[in-house]
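Working notes for the structure below.
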Amino acid sequence: SSAPSKVQRVEATVQCKTPHIQAVQVSNWLRESQRFAVELTLIEPLDAGDEIRLHGVETFDLPPGQTKEYKFNVFAYREGRGIARVVFTNPKTEEFFTVEVEFKFVP
């Protein structure tokens, strides 16, 4: 069995100037434990600078056949929209999957 190929999309409404923890579901499709390398990036808006901050751990362990939540922190200084991309890669198999979270930041 191979990694899911399509991008999973999630939407969230978040208050500005308030720390927010965003969770995304991660499933292990293999019969063995996987350790994923996690790449968390803000893909929109490209010119956000420090106005939108993301922070999450860079590795994520998942037992065989299980689904767990990967959580990361989001903080926006002003209202608007943003899209975060989270890419989970298994360095051993080079399989990966992507979750995109579309944020709506409200006052």
Side-chain angles (χ1 to χ4, degrees):
S1 62
S2 62
S5 57
K6 65 179 186 173
V7 175
Q8 178 185 338
R9 290 191 175 11
V10 178
E11 293 182 3
T13 300
V14 177
Q15 277 194 310
C16 295
K17 299 180 183 173
T18 304
H20 174 76
I21 296 174
Q22 180 64 45
V24 295
Q25 295 288 323
V26 182
S27 297
N28 185 348
W29 60 91
L30 297 180
R31 293 184 181 163
E32 60 188 53
S33 291
Q34 290 194 77
R35 170 168 279 182
F36 295 102
V38 183
E39 184 182 352
L40 175 62
T41 51
L42 186 71
I43 58 170
E44 283 183 29
L46 292 173
D47 60 352
D50 284 338
E51 289 180 10
I52 301 172
R53 294 189 180 182
L54 305 174
H55 179 74
V57 296
E58 295 178 353
T59 58
F60 187 67
D61 294 317
L62 199 52
Q66 288 196 13
T67 298
K68 284 175 44 178
E69 288 184 336
Y70 172 82
K71 296 178 181 175
F72 64 95
N73 298 302
V74 181
F75 190 93
Y77 285 94
R78 61 177 64 177
E79 56 188 288
R81 294 189 170 273
I83 299 176
R85 178 178 289 154
V86 192
V87 180
F88 298 87
T89 304
N90 179 328
K92 289 182 183 174
T93 64
E94 297 185 0
E95 292 176 310
F96 68 93
F97 67 97
T98 303
V99 179
E100 288 185 357
V101 183
E102 183 176 340
F103 291 103
K104 180 178 179 184
F105 300 110
V106 297

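The basis for the numbers below is simple: all heavy atoms, side chains too, and nothing from hydrogens, waters or symmetry mates. Keep in mind that what you see is a predicted model, and the values were worked out from it rather than measured.
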Residues 45-62, side-chain donor-acceptor partners within the protein, below 3.5 Å, at least two apart:
| residue | atom | partner | partner atom | Å |
| --- | --- | --- | --- | --- |
| Asp61 | OD1 | Arg35 | NE | 2.6 |
| Asp61 | OD1 | Arg35 | NH2 | 3.4 |
| Asp61 | OD2 | Arg35 | NH2 | 2.8 |

Who else is in the cluster with Ile21 when I, L, V, M, F, W and Y are joined by side-chain contacts under 4.5 Å?
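Taking Ile, Leu, Val, Met, Phe, Trp and Tyr as members, Ile21 stands alone, with no cluster partners.
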
Co-members of the apolar cluster containing Tyr77 [side chain, <4.5 Å]
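The other cluster members (ILVMFWY side chains, heavy atoms under 4.5 Å, direct or chained) are Phe75.
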
Using every non-hydrogen atom in the two residues, find where Gly82 and Phe105 come nearest and quote the distance to one decimal.
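Shortest heavy-atom contact: N-CE1, 4.0 Å.
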
Nearest heavy-atom pair of Glu32 and Pro64: which atoms, and what distance?
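Closest heavy-atom pair between Glu32 and Pro64: N-CB, 3.5 Å.
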
CZ/Phe103 to SG/Cys16 distance, rounded to the nearest 0.5 angstrom?
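Phe103 CZ to Cys16 SG: 12.0 Å, rounded to 0.5 Å.
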
Tell me every residue that passes side-chain contact (heavy atoms from CB on, under 4.5 Å) with [X], counting only those two or more places apart in sequence or in another chain.
X: Ile43; answer: Thr41, Ile83, Arg85, Glu100
X: Thr18; answer: Gln15
X: Lys104; answer: Thr13, Arg81, Val106

Salt bridge (charged side-chain N to carboxylate O under 4.0 Å, His left out) contacts in which one or both residues fall within residues 10-27, not counting sequence neighbours
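As it turns out, there is no salt bridge (charged side-chain N to carboxylate O under 4.0 Å, His left out) pair with a partner in residues 10-27 once direct neighbours are skipped.
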
Listed by chain and number, what are the salt bridge (Lys or Arg N to Asp or Glu O under 4.0 Å) partners of Glu69, not counting sequence neighbours?
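Checked Glu69 against salt bridge (Lys or Arg N to Asp or Glu O under 4.0 Å); matches are Lys71.
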
Residues, nucleotides or ligands: over 12 heavy atoms within 6.0 Å of Glu39 CD
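For Glu39, atom CD is not crowded (no more than 12 foreign heavy atoms under 6.0 Å).
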
With ring pair (Phe, Tyr, Trp, His ring centres under 6.0 Å) as the rule and sequence neighbours excluded, what pairs involving residues 32-51 come up?
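Residue pairs with at least one partner in residues 32-51: Trp29-Phe36, Phe36-Phe97.
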
Mind checking whether Val99 and Tyr70 have side chains closer than 4.5 Å, heavy atoms only?
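Side-chain contact under 4.5 Å: no.
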
Taking Asn28 for the side chain and Pro63 for the main chain, is one N or O donor matched with an acceptor at less than 3.5 Å?
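Checking the backbone N and O of Pro63 against the side chain of Asn28, a donor-acceptor pair under 3.5 Å is found.
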
How would you list, by chain and number, every residue that makes a side-chain hydrogen bond (donor to acceptor under 3.5 Å, both in side chains) with Gln22, sequence neighbours excluded?
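Partners of Gln22 by the side-chain hydrogen bond (donor to acceptor under 3.5 Å, both in side chains) criterion, ordered by chain and then number, come out as His20.
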
